[in-house]
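The chains referred to below are lettered A, B, ... by the order of the sequence lines, with proteins before strands, and numbering in each begins at 1.
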Amino acid sequence: MGKLVTLAEAVASIPSGSHLALSGFAITRCTMAFAREVIRQGIRGLTVSQCVGAMDADLLVGAGAVERLIYGGGSLDRFGRLACVNRGIEGGSLHAEEYSSLSIAFRYLAGALGLPFMPIRSLVGSDLLRQLQERSGADVASIKDPFTGESWLALRPLSPDVAVVQVQVSDEDGNAWIRGPRWDNAEQVRASQRTIVITERVVPGDVIRQDAEQTVIPGLFVSHVVKLPFGAHPASVYRVYDYDAAEIKRYVEATRTPEALQAYLVETVHGVPDHAAYLEKIGGQARLSELMADPGLGY
Amino acid sequence: MGKLVTLAEAVASIPSGSHLALSGFAITRCTMAFAREVIRQGIRGLTVSQCVGAMDADLLVGAGAVERLIYGGGSLDRFGRLACVNRGIEGGSLHAEEYSSLSIAFRYLAGALGLPFMPIRSLVGSDLLRQLQERSGADVASIKDPFTGESWLALRPLSPDVAVVQVQVSDEDGNAWIRGPRWDNAEQVRASQRTIVITERVVPGDVIRQDAEQTVIPGLFVSHVVKLPFGAHPASVYRVYDYDAAEIKRYVEATRTPEALQAYLVETVHGVPDHAAYLEKIGGQARLSELMADPGLGY
Amino acid sequence: MDLDYTTSELMAVAGARELKDGEVVAVGLGLPVVASFLAKRTHAPHMTILFELGVIDPQPVEPGVGLADPRVWYRANVLSSFVDILGSVLHHGRVDVGFLGGLETDRFGNLNTTLVGDPRGKFRHMIGSGGANDIASCARRTIIIMRQEERKLRESISFITSPGYLSGGSRRAEAGLRGGPSKVITDKAIFGFHPETRELMILSVHPGVTLDEVRSTMGFAPLVPDPVTATEPPTAEQLRLIREEIDPERMYMG
Amino acid sequence: MDLDYTTSELMAVAGARELKDGEVVAVGLGLPVVASFLAKRTHAPHMTILFELGVIDPQPVEPGVGLADPRVWYRANVLSSFVDILGSVLHHGRVDVGFLGGLETDRFGNLNTTLVGDPRGKFRHMIGSGGANDIASCARRTIIIMRQEERKLRESISFITSPGYLSGGSRRAEAGLRGGPSKVITDKAIFGFHPETRELMILSVHPGVTLDEVRSTMGFAPLVPDPVTATEPPTAEQLRLIREEIDPERMYMG
């Protein structure tokens, strides 16, 4: 029952066509090494969901691994927009279902708690709702409050096959802490059939047990634990390392055209066998040392 | 805008007839000093809610302050049952609405998130549900899942006037940490119009800001902060002090008859002007020192 | 090691045997705690133990007076909330086994912990549900552990706090409830439920107990197999763990 | 202190003046951050600042590149989640002010951050909603801050990401939405909305800007009061706080 595996082994557990909930938010705690390995293994036809679209989803879309994206909009913060996602939507190759942050969070929450649907005040009156309603087999419906008779919008629960969550600290059973805000990650884990934890540090279970209020991910939800320092690079992991601004800028440049992206993928994904080789490629220890978080500031 | 007040001032903000959500669970983190002051000030006609009925609710019921109890059953663990609650139910003087732990938690959650109702699988087929349905203006209804057509039970949200929560640590604005399991407390705070925090320790805001993942109660929900060491006595506060077994046994004895209870109330509530005098009465520092939690074990 | 054992020890061991490795178990206090920790320390090391108030997989070093006692939370992996445990684990459908005690049960495994009749013909209010109704409604299966007396195993109970098979047959599924009770473990016997009628039936009688003793301490006639087998006694190692490690102060074992 | 000020500084100050002490404010990045921190350090010390991803009342010492930047979370009182901030604060109805930027808005304060037309007649996909739709739907009032250009203040926008007054009048309330936009702050003027028709109307024009300049940089004719008043300029203390403490690197102020 050992859950501690290599990244390649964890990724190999994911069939093409799966629905993945990814933990990234813009440029922080993105599952970047995981996304690169998914591309390397040729897994395709994925459905990807997250509240706010992030660099991990954008890279997977750019590499053609994603068929369907369920999200609340997103960007790379000041570095730019999600160029691959946007090109996919504009060209029609990506089936994107666009919500707001809360409506995705509520869909995860409904999935987490085993609820049949979730009422919400958002989306009403917007073209986001109009687009969602026009889809066949819509995931939105209207419902009447049995107590007041008032009409409400209802959202269908999200139940991803796998949540993939980049965390700071985990034990070997996947009991994991998340430092900083957790955005949708706790609900993603609970809504999903199972979770893959990608962790910067593995600590003995005794450490987790000393401060169990911090355990955002209980091990019972977790199928695989991957120990992978700098697993979010070039995104940041709060209290461990900062985002790599130069490398994100290079990504933004590379995603301006499909051709440039192909060259980038050859260099950073297909041309390196694994995460360790990737880290060497982008500058190795010298570069990574500069990204290490200040223990006081946390970034 | 100073929120830091005396217990008497915080209690004086509560009109008779209010709905209070209390933080106790059986014999831990019960709002005991608060309950004693409510009785002292003669506040009556309260509605009290909590997932699992605890010693704080039982004392308030015993003193005749409670008209209506919305709860999921409860006890004093091995020390005994909720004698005052049970006598009130058996004699018809207490209007008790009985649910399960999860159904109360879901009613708080719906109130917290601004949802019109909450679907649930529990209660179905039970006499708990039958009793609730027989009430006029029932807080349960049936609803159809708009996606599958399946029938579900729906619960009305709970929106207490005031949550009263006994915590370990708070700053002056009411940003508070809860150590140990939190049972329904986070949802109680968010479902309520406002919260009174009763805290064992007040720390500078800077301390809270160093570990803000622990902040279970954001100050924006809080109207009053009361610094009150041993505020839960004779119940326990995890990592601060243990329950006082002898004193709980004395309570159990005192609640066997209404007459004994009156004598107990005179001695521990009406006969002492405030919490400090209560602590002297039950044995003062000598007794309290024995209850202090072992820093390693937390109890 | 004294291989004589008490009926409490036999009940705890029988409960432990019902739990499989890797299962997720929602546990009430008392014998279910002993049974669960015993299973986890023997054949089911990867079992997950849940307490409703927000505790996962504690490692107590002292027994507690109830779920509210921090002794029972000691060295947990997770300290969270009702919504987390009863919502995202139990209500989601992830609990394999719910382990419940009860004051009264009937032929179909319905449990009463709310209102019991007293000799004067009045009702006494007891402890109500807590998480018991949720567990009985949402777990994949439930195991009931209780002392066997005629006034506890009744033809009909006065209040259904936690539903079993309701009035039997397919009534439970028709009400929209999954799961249902799989076993009732008493101090006299282990019972199951008939796969179709859902009536209580004897599976094994404890060593030293006669079939008549089982029948005469119940308020109704259970289904009886022929021949009746004997409950497997505890092993030396199981007894050692209970006595030396799990409940050395005999707090749970009475 | 140089009392000359940039239009960005004027916009931030105008935004800050809209916020009252004790209010709860949901903030997007950029000018809304500067306006909110400015208000909190001057007339509104008990204001609560929320970032959707789970951050309450941070005290940054360096500007960040966006909400995903830990610089922006520094010394927060609370680090939690979308469900906590957008659910139990915003959706519950506790947010007084939502502070939004936008790519395009129309006469009724509807906002588009999803699809904008490009010169070739195609649509370009932008950033979508994030929490903006939730804030526009659930806050008691919203304030929009954006640069004023004819292609940004349009007669009709191509996509409503975040609803304002929809097609005006009582349409928003009829759709079941509370609140609505109260102000649009641009680099030329401050606008409000007519209390009945909900059309955009000029409230004040910035010092040095003519009414014609305001009109000629919009795609439709706003309601115009007579006489037109001038926007109050920043104070020396407001400028000092922005320049020395809140955004010394001019990261938000452009």
(request) Run the ring-centre check on His233(A) versus Tyr243(A) and record whether the distance is less than 6.0 Å. (result)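 They do not qualify: ring centres at least 6.0 Å apart.
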I'd like to know which of [options] tops the heavy-atom pair count under 4.5 Å against chain A.
options                                   : result
Arg124(D), His91(D), Arg172(D), Arg178(D) : His91(D)
Gly64(D), Pro70(D), Ala175(D), Gly54(D)   : Pro70(D)
Gly130(D), Pro163(D), Ser137(D)           : Gly130(D)
Ala76(D), Gly30(D), Gly131(D)             : Gly131(D)

Could you check whether [Y] and [X], counting side-chain N and O atoms only, form a donor-acceptor pair closer than 3.5 Å?
X         : Y         : answer
Ser103(A) : Ser100(A) : yes
Glu62(D)  : Tyr74(D)  : no
Thr148(A) : Asp145(A) : yes
Thr31(A)  : Asp56(A)  : yes
Asn133(D) : Ser129(D) : no
Gln188(A) : Gln50(A)  : no
Thr161(D) : Thr114(D) : yes
Asn112(D) : Arg154(D) : no

[X], part contacting chain D, at a heavy-atom distance under 4.5 Å:
X         : value
Gln131(A) : side chain
Ile89(A)  : side chain
Asp242(A) : side chain
Leu82(A)  : neither
Tyr108(A) : neither

Determine the option with the most heavy-atom pairs under 4.5 angstrom with chain D, choosing from [options].
options                                   : value
Tyr71(A), Tyr238(A), Phe25(A), Trp183(A)  : Trp183(A)
Leu123(A), Val52(A), Ile104(A), Leu129(A) : Leu123(A)
Leu297(A), Ile27(A), Asp184(A)            : Leu297(A)
Leu76(A), Ile120(A), Leu109(A), Leu153(A) : Ile120(A)

(message) Taking atom CD as the centre, does Glu134(A) end up with more than 12 heavy-atom neighbours from other residues, nucleotides or ligands that are less than 6.0 angstrom away?
(response) yes
(request) May I ask you to test the Pro222(D)-Glu199(D) pair for a side-chain heavy-atom distance under 4.5 Å? (result) no
Give, as side chain, backbone, both or neither, the part of [X] having an atom under 4.5 angstrom from any heavy atom of chain A.
X         : result
Asp69(D)  : both
Leu67(D)  : both
Val78(D)  : neither
Leu166(D) : side chain

